[in-house]
Amino acid sequence: MAQIRVESEIPGKVVSIEANPGDAVAEDDAILILESMKMEIPVSAPSGGRIVQILVAVGDTISEGDEVAIIEG
């Protein structure tokens, strides 16, 4: 199975994590929520699979392009 590294498309602060390791996700399911410019923006799964690892925690500030999760699909 291939591992897919999920990257953030925007900088922001992690305000919630919506999926945990072991959870199955479908394409476009929210993995986590970022706060950026006073808006909440989901970081979504680029394809379906199972969450292997979440690489950030609530409260972390991330940059555009940072890896936030690994999906096995």
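- When all heavy atoms of D29 and A26 are compared, the pair lying nearest together is OD2-N, 2.8 Å.
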Take I31 and I71 through the test side-chain contact (heavy atoms from CB on, under 4.5 Å) and record every step on the way to the result. CA-CA 10 Å; I31 296 172; I71 297 174; 3.9 Å; yes
Could you list the donor-acceptor pairs under 3.5 angstrom formed by side chains in residues 2-20, with sequence neighbours left out?
residue, atom, partner, partner atom, Å
R5, NH1, E67, OE1, 3.3
S8, OG, I10, N, 3.2
S8, OG, I10, O, 2.4
S16, OG, E18, OE2, 2.7

Would you list the atom pairs, donor with acceptor, under 3.5 Å between side chains in residues 39-65 and any protein atom, with sequence neighbours excluded?
residue, atom, partner, partner atom, Å
R50, NH1, G22, O, 2.6
D60, OD2, A57, N, 2.8

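- Scanning for side chain to side chain contact (heavy atoms under 4.5 Å, CB included) contacts around D28 gives an empty result, with sequence neighbours left out.
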